[in-house]
Amino acid sequence: MAFHLSSPSNLCHDCQPLCNSISPSHILQLTPSLFSWRARNFCHSLNLTFLSPSQTRNSLSSHIRPLQVSLHDSVAQESQANPSTMQESPASDGKTNSSSKSYIWVNPTSPRASQLRQKSYDARYKYLTKVSQSLDLCNPTEEDVFQVLSGLGENPLEQDAVIVLNNMENPDNALLALKYFQLKLKPKREVILYNVTLKVFRKSRNFNRAEVLLEEMLKKGIKPDNVTFSTIISCARICSLPNKAVEWFEKMPQFGCNPDDVTYAAMIDAYGRAGNIDMALSLYDRARTEKWRIDLVTFSTLIRIYGMSGNFDGALNVYEEMKALGVKPNLVIYNTLLDAMGRAKRPWQAKSLYKEMTTKGYSPNWTTYAALLRAYGRARYAEDALNVYREMKEKGLELNVVLYNTLLAMCADLGYTDEAVQIFEDLKRSQTCEPDSWTFSSLITIYSCCGKVSEAEGMLNKMLEAGFEPNIYVLTSLIQCYGKANRTDDVVRTFDRLLEMGITPDDRFCGCLLNVMTQTPKEELGKLIGCIERANSKLGFVVKQMLGEENGEVLRKDATELFSNISMDVRKAYCNCLIDICVNLNLLERACVLLDLGMSLEIYTDIQSKSPTQWSLHLKSLSLGAALTALHVWMSDLRKAQENGEELPPLLGINTGHGKHKYSDKGLAGVFASHLKELNAPFHEAPDKAGWFLTTKVAAKSWLESRSSPDIVAA
DNA sequence: AGAGCCGGTA
């Protein structure tokens, strides 16, 4: 929709020259205040009118150059396509006659007028972006680029040059276009032309050429400004050259530039991504002490930096500071916080933040759900994670493959077979993603852990068909699977395959072999020991020694060395397995040596505890063999205490834990209960305390006296 | 004419 001054006959003679001097491009730039000032001072009846499309073309054609012709053409077409905007205008009350319909009166200060100006500006902008697109597509020659630009007329406007360059993407042609504008116009602020050209290089992620252009600008003596620096800094950041970002940031003072809040925000982000967290935080400190305005994006950047660096309380502190400063967090802030709490493995905090967020009226978006799913999934909050999943499905939000995999890994960890199968089916139906090696790996793990050999093998074949090679995680699961099914030869075959593939067994894999040994009959153990020796000679040595003739002290020494050489997170698993193997082979004395070693190395802590009213045995996270060994040790300690004339407390208790162990519906608690029964132990499951077996001083006393120690574990 | 919230797993 175009607007124009009404015909000169409506104006007083004072206004005539003004009217004639207004070119279409000036009309586009009129501001409300300017317009009303002129209206007040120069004429009594200055009216704005709409022209009909044909009138627009006729009345303007005399002033305008090719560019403006096409501009106004497109405006006219738009008004034809959307005539309702005319009828909505203030003058159109529905009763107007046909002749007044094409000349609708608009108050220049009205919102309607500003809407119209916006529309005209939009149309011109649209035209200039088309020029940018043509420039991107034409040959990278001076001839072709200049040819396209000649459409802007002999004297292009600096403002138009900025818009054209700003919307370009082709860096070669942008350089030529810049050259053209430098030839054709005397830029008042040449730095702006350079700044927008720098942005073109940033779009194509070409830091080197951006830097060359900037150097050229400086050589010409053009003074850079904050925009120049924030552009080159963000370009360096995008191109993963954080050191370059720092380098240019530090050059700012020598060009008389003081970083402002935008530049600081960019630098906080650049330092954060460069891993220079200290610098990022010290800029934040400066921003705080110097009372700069810190916007929400920077706050979220800070929370992200803290979250990535593992300082989760730091992340929460930023949030508290925001509150203290009266800055209202938005959805992005909440999402970043939720993500940090997920990384922190603090699902309960994610939960309460989510609650707070929804109470404040924010509705979750995809990012929110993704953060929650990661937080709950990683922490094995199965019900919460599955609820988020269901809610996403209900809302039609698509998961990506990583989110699916997070859910499946959680199901694998918890033994949620049915859920996993359903989720896998859902993933296969999904339009947006397909299973990858992580997906197959989780499913193979699930089937392996419940000993479903044919299903696990079937999934392995599907994985191979999909073009994925089995990796160490898949082979670890398969070995576990064959071990559970007592298919020792398949375990060995799979192990050979791993070595053939050039994969180096890791601590976890060896732990799995050890675990298979705990389930394997004595006659077959030799085959597995052979694998273990090839996988980890130190471990193989300790296992052989444990089953051989050496005395306990030698075993203790070598096992100590082994434990100092494996990663912390598998030490307990190794110790549990080694003790289980001993217990299975009735090597009680060695089991005791290993348990004692485990306690002195703090692999096991606080197994026994004493308070004035109760002595307890804590078996949580011990394997069955280790738990029985610990019970044996405890009983002999109790007996010793009695012999020394020490009084037993009124209550004695054994804590096996809740027994919600994965892939076992009974867990240690269930298995342990039957063992206690076999031992005629007077411990009874406490009805109000899950996982606790209790007895009284009197019952314990007579039972201890009736038992001789060595046969306990043998049961 | 400037930053950038968009997520990445055993």
Just the rounded figure in Å: distance from P of B:dT9 to CZ of A:Phe440. 20 Å

Let me see the working for A:Lys360 and A:Glu356 under salt bridge (charged side-chain N to carboxylate O under 4.0 Å, His left out), right down to the final yes or no. CA-CA 6 Å; A:Lys360 285 190 180 166; A:Glu356 180 185 320; 3.4 Å; yes

When you measure only distances, ignoring hydrogens and angles, does the side chain of A:Ser230 come within 3.5 Å of the base of B:dG2 through a donor and an acceptor? yes

Heavy atoms from other residues, nucleotides or ligands near CZ of A:Arg288 exceed 12 (cutoff 6.0 Å): yes

Just to be sure I understand the rule, does A:Asn471 reach a base, reach only the sugar-phosphate, or reach nothing, if contact means heavy atoms closer than 4.0 Å? base

Interatomic distance, A:Arg202 CZ vs B:dG4 P [rounded to whole Å]: 7 Å

Return yes when atom CZ of A:Arg508 has more than 12 non-hydrogen atoms of other residues, nucleotides or ligands closer than 6.0 Å, and no otherwise. no

Report, one line per pair, each donor and acceptor closer than 3.5 Å where one atom sits in a side chain of residues 229-240 of chain A; sequence neighbours left out.
unit_1   : atom_1 : unit_2   : atom_2 : d
A:Ser230 : OG     : A:Asn226 : O      : 3.2
A:Ser230 : OG     : A:Val227 : O      : 3.2
A:Thr231 : OG1    : A:Val227 : O      : 2.6
A:Ser234 : OG     : A:Arg202 : NH1    : 2.7
A:Ser234 : OG     : A:Ser230 : O      : 3.3
A:Ser234 : OG     : A:Thr231 : O      : 3.1
A:Arg237 : NE     : A:Asp269 : OD2    : 2.8
A:Arg237 : NH1    : A:Asp269 : OD2    : 3.4

Would a 4.5 Å heavy-atom cut-off, applied to side chains only, mark A:Tyr194 and A:Leu214 as touching? no

Atom CE of A:Met410 and atom P of B:dT9 are separated, to the nearest Å, by 17 Å

May I ask you to verify whether the side chain of A:Asp260 and the base of B:dG2 hold a donor-acceptor pair under 3.5 Å? yes

Need one value for A:Asn405: base, sugar-phosphate or nothing, where a base atom within 4.0 Å counts as base even if backbone is also close, heavy atoms only. base

Suppose we call a contact any N or O donor and acceptor under 3.5 Å apart; does that hold for the side chain of A:Ser234 and the base of B:dG2? no

Identify whether any heavy atom of A:Thr263 sits under 4.0 Å from a base atom; if not, whether one sits that close to sugar-phosphate; answer base, sugar-phosphate or nothing. base

Looking at every strand, decide which applies to A:Asn226 at a 4.0 Å heavy-atom threshold: base, sugar-phosphate, or nothing. base

Taking the six-membered ring for Trp, does A:Trp438 stack with B:dA10 (centroid gap under 5.5 Å, planes within less than 30°)? yes

Select base, sugar-phosphate, or nothing to describe what A:Asp225 touches, counting heavy atoms under 4.0 Å on all strands. base

Measure the distance from CD on A:Glu398 to C1' on B:dC6 and round it to the nearest whole Å. 17 Å

Answer with base, sugar-phosphate or nothing: what part of the nucleic acid does A:Val401 contact at a heavy-atom distance below 4.0 Å? base

Give the nucleotide from the list B:dG2, B:dA10, B:dC5 with an atom nearest to the side chain of A:Thr231. B:dG2

Between B:dC6 (P) and A:Asp339 (CG): distance, integer Å: 7 Å

Closest to side chain of A:Val297, choosing from B:dA1, B:dC5, B:dG2: B:dC5

For a quick check of understanding: with a heavy-atom distance under 4.0 Å over all strands, which category does A:Thr406 fall into, base, sugar-phosphate or nothing? nothing

Once you apply a heavy-atom cut-off of 4.0 Å, does A:Val196 come out as touching a base, just sugar-phosphate, or nothing? sugar-phosphate

Consider the side chain of A:Trp366, meaning its heavy atoms from C-beta on, and name the nucleotide among B:dA10, B:dG7, B:dA1 that approaches it most closely. B:dG7

Let me know the distance between CG of A:Leu397 and P of B:dC6, rounded to the nearest Å. 16 Å

Using distance alone, with no hydrogens and no angle criterion, decide if A:Asp339 and A:Thr336 have a side-chain donor and acceptor under 3.5 Å apart. no

Atom CG of A:Leu165 and atom P of B:dG2: how far apart are they, to the nearest Å? 13 Å

For the side chain of A:Val262, starting at C-beta, report the closest nucleotide among B:dG2, B:dA10, B:dG7. B:dG2

Describe the nucleic acid contact of A:Ala265 in one word from base, sugar-phosphate, nothing, applying a heavy-atom distance below 4.0 Å. base

For A:Phe468 and B:dA10, give me the distance from atom CZ to atom C1', rounded to whole Å. 15 Å

Taking the side chain of A:Ser300 as heavy atoms from C-beta outward, which of B:dA10, B:dG7, B:dC5 is closest to it? B:dC5

